[in-house]
Amino acid sequence: MRTVAVVGASLAGLSAARSLRQRGYDGRLVVIGDEPHRPYDRPPLSKEFLAGTLGEADLALERDDEDLRADWVLGVRATGLDLTGRTIRLADGRGMRADGVVIATGAAARTLPGSEGLAGVHVLRTLDDARALREELTRGGRLVVIGGGFIGAEVASTAYALGLDVTVVEAAPTPLAGPLGETMGRIVSALHADHGVRLLCGVGVKGLSGEHRVDAVLLEDGRSVPADIVVVGVGARPCVEWLEGSGVTLGNGVKCGSDGRTNVAGVVAVGDCANWYDPRAKDHRRVEHWTGALERPDTAVATLLAYGATQPGAPRPPYFWSDQYGVKIQFVGHALGADSVTVEEGSADDRSFLAVYRRAGSPVAVLGMNQPRLFTRWRKQLSAAAA
């Protein structure tokens, strides 16, 4: 391959670029990103950066002495992929020809319909999002977080520590039931109540009120929650619309094999936009976690450089962590399909425990709250069993 283009300048894209060089690729390497920024770390955006304890320079993912010999094309969006001419079309009218393509365009935060142009309403996905929200939080006031998932919970935790009056609204009866199951979702989300943060569950949002700036969140049950600032944390959608009509198979992102290969030779996908096949679950899963964006690109790059001649294996069980109200939450595996979950160590009441999810007696996932050492041991066991 004379030219490989990585479309997406986030952690997954950077990891792919690094793997290309580490695996001996010495051709032209182009990294395309729609943001003007060099690759940066996203997890601190909802925590340390939002709190003001971490600066922008601390978010940099590239080492000071790192030189990938790449052409960086930043601040321009990919708008199409022409497989006949092996060309990536860019929003500024340019075309970038490439023999190999790594799709790493990530995901975008979902917005609340009708909130466009209303001041005080935020999503949190990018550095620019975090800059704008951080400036607002310094003024204090009443914050309403729509969505009780991990991003919403981390923003609520950070804002609580900054002294804001915080309310979290979650449409589902139990927050985090999707990734953690109902029992553990209920326990983890109880951290809000532990710290005096209001949690309203089982009610959807009808809309927002305010003429130029938001002043309340209107709930479907008729209640109105006063708000000076609103953060919408209702998930993300994979950024794959630019691939429509290209011939690359899409379905909740880019459909891939268990090694990142797509249905098109010379094209692989990684990161939040990639819907990889999981042979253990016998289904495709889109994993939106930092660790996946760090580890999986090397597998995809190996597939790309071998022209698909590699033997795909099973991806490592997905792992993620969250820091809320001073508690470290760690999770590995898939809670979906587990038929039991038991606390193996510690106490849920003390918010310090380790729980194991099992299916037919075999561990399929592990959750830890303030149990990093024991969790690490279990994570290794789960990864070894899945290999």
Side-chain angles (χ1 to χ4, degrees), residues 45-47 49-52 108-126 129-180 182 185-237 322-327 329 351:
L45 295 183
S46 56
K47 301 184 283 287
F49 181 82
L50 202 58
R110 297 187 186 277
T111 57
L112 193 67
S115 64
E116 300 83 1
L118 195 60
V121 181
H122 299 264
V123 295
L124 183 56
R125 185 78 186 182
T126 69
D129 293 338
R131 285 171 173 168
L133 179 57
R134 183 169 70 172
E135 183 179 347
E136 292 241 46
L137 292 183
T138 59
R139 303 170 191 165
R142 298 163 300 183
L143 169 68
V144 177
V145 179
I146 301 174
F150 284 105
I151 291 295
E154 289 173 0
V155 170
S157 170
T158 301
Y160 162 81
L162 292 173
L164 279 81
D165 179 88
V166 184
T167 301
V168 178
V169 179
E170 170 57 49
T174 305
L176 303 173
L180 302 182
E182 286 194 13
R186 191 176 301 111
I187 291 170
V188 172
S189 61
L191 286 169
H192 296 301
D194 291 348
H195 294 82
V197 170
R198 288 182 297 278
L199 177 60
L200 307 179
C201 296
V203 59
V205 172
K206 184 178 180 180
L208 305 176
S209 72
E211 189 172 347
H212 301 293
R213 182 179 181 87
V214 67
D215 58 33
V217 175
L218 308 178
L219 305 183
E220 289 181 342
D221 62 5
R223 284 181 290 175
S224 176
V225 183
D228 302 301
I229 309 166
V230 171
V231 173
V232 180
V234 292
R237 56 169 183 81
S322 179
D323 297 299
Q324 302 172 27
Y325 305 102
V327 176
I329 302 160
R351 310 298 188 241

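All values reported here derive from a predicted model rather than from experimental measurement.
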Rounded distance (nearest 0.5 Å) linking atom [atom1] of [X] with atom [atom2] of [Y]:
X	Y	atom1	atom2	answer
L45	T126	CG	OG1	7.5 Å
R213	D228	CZ	CG	7.0 Å
T111	I146	OG1	CD1	11.0 Å
E211	L118	CD	CG	10.0 Å
F49	T158	CZ	OG1	12.0 Å
D194	L199	CG	CG	11.0 Å

Can you name the closest pair of heavy atoms from [X] and [Y] and give their distance?
X	Y	value
L180	G185	CB-N, 4.0 Å
V188	L176	CG1-CD1, 3.7 Å
G140	I229	O-CD1, 4.1 Å
S46	E154	OG-OE1, 2.6 Å
Y325	S157	N-OG, 2.7 Å
V144	A227	CG2-CB, 3.6 Å

Next on the checklist: Using side chain to side chain contact (heavy atoms under 4.5 Å, CB included), reason through L191 and V327 one step at a time and then give a plain yes or no.
Outcome noted: CA-CA 9 Å; L191 286 169; V327 176; 3.9 Å; yes
Next on the checklist: Counting only heavy atoms from other residues, nucleotides and ligands, does the tally under 6.0 Å from CD of E116 exceed 12?
Outcome noted: yes
Next on the checklist: Counting only heavy atoms from other residues, nucleotides and ligands, does the tally under 6.0 Å from NZ of K47 exceed 12?
Outcome noted: yes
Item to check | Test log, rule side chain to side chain contact (heavy atoms under 4.5 Å, CB included), inputs R351 and I187 | outcome: CA-CA 8 Å; R351 310 298 188 241; I187 291 170; 4.3 Å; yes
Is the closest side-chain heavy-atom distance between [X] and [Y] below 4.5 Å?
X	Y	value
L208	V232	no
L137	L50	yes
R198	V225	no
L143	V155	yes

Next on the checklist: Does V123 form a side chain to side chain contact (heavy atoms under 4.5 Å, CB included) with R110? I'd like the steps, not just the answer.
Outcome noted: CA-CA 8 Å; V123 295; R110 297 187 186 277; over 6 Å; no
Next on the checklist: Go through it in stages, so that I can follow the logic: the residues are V217 and T167, the test is side chain to side chain contact (heavy atoms under 4.5 Å, CB included), and I'd like the CA-CA distance, side-chain angles, deciding distance and then a yes or no.
Outcome noted: CA-CA 10 Å; V217 175; T167 301; over 6 Å; no
Checklist entry - Going by the angle between their ring planes, with limits at 30° and 60°, are Y160 and H195 parallel, tilted or perpendicular? => result perpendicular
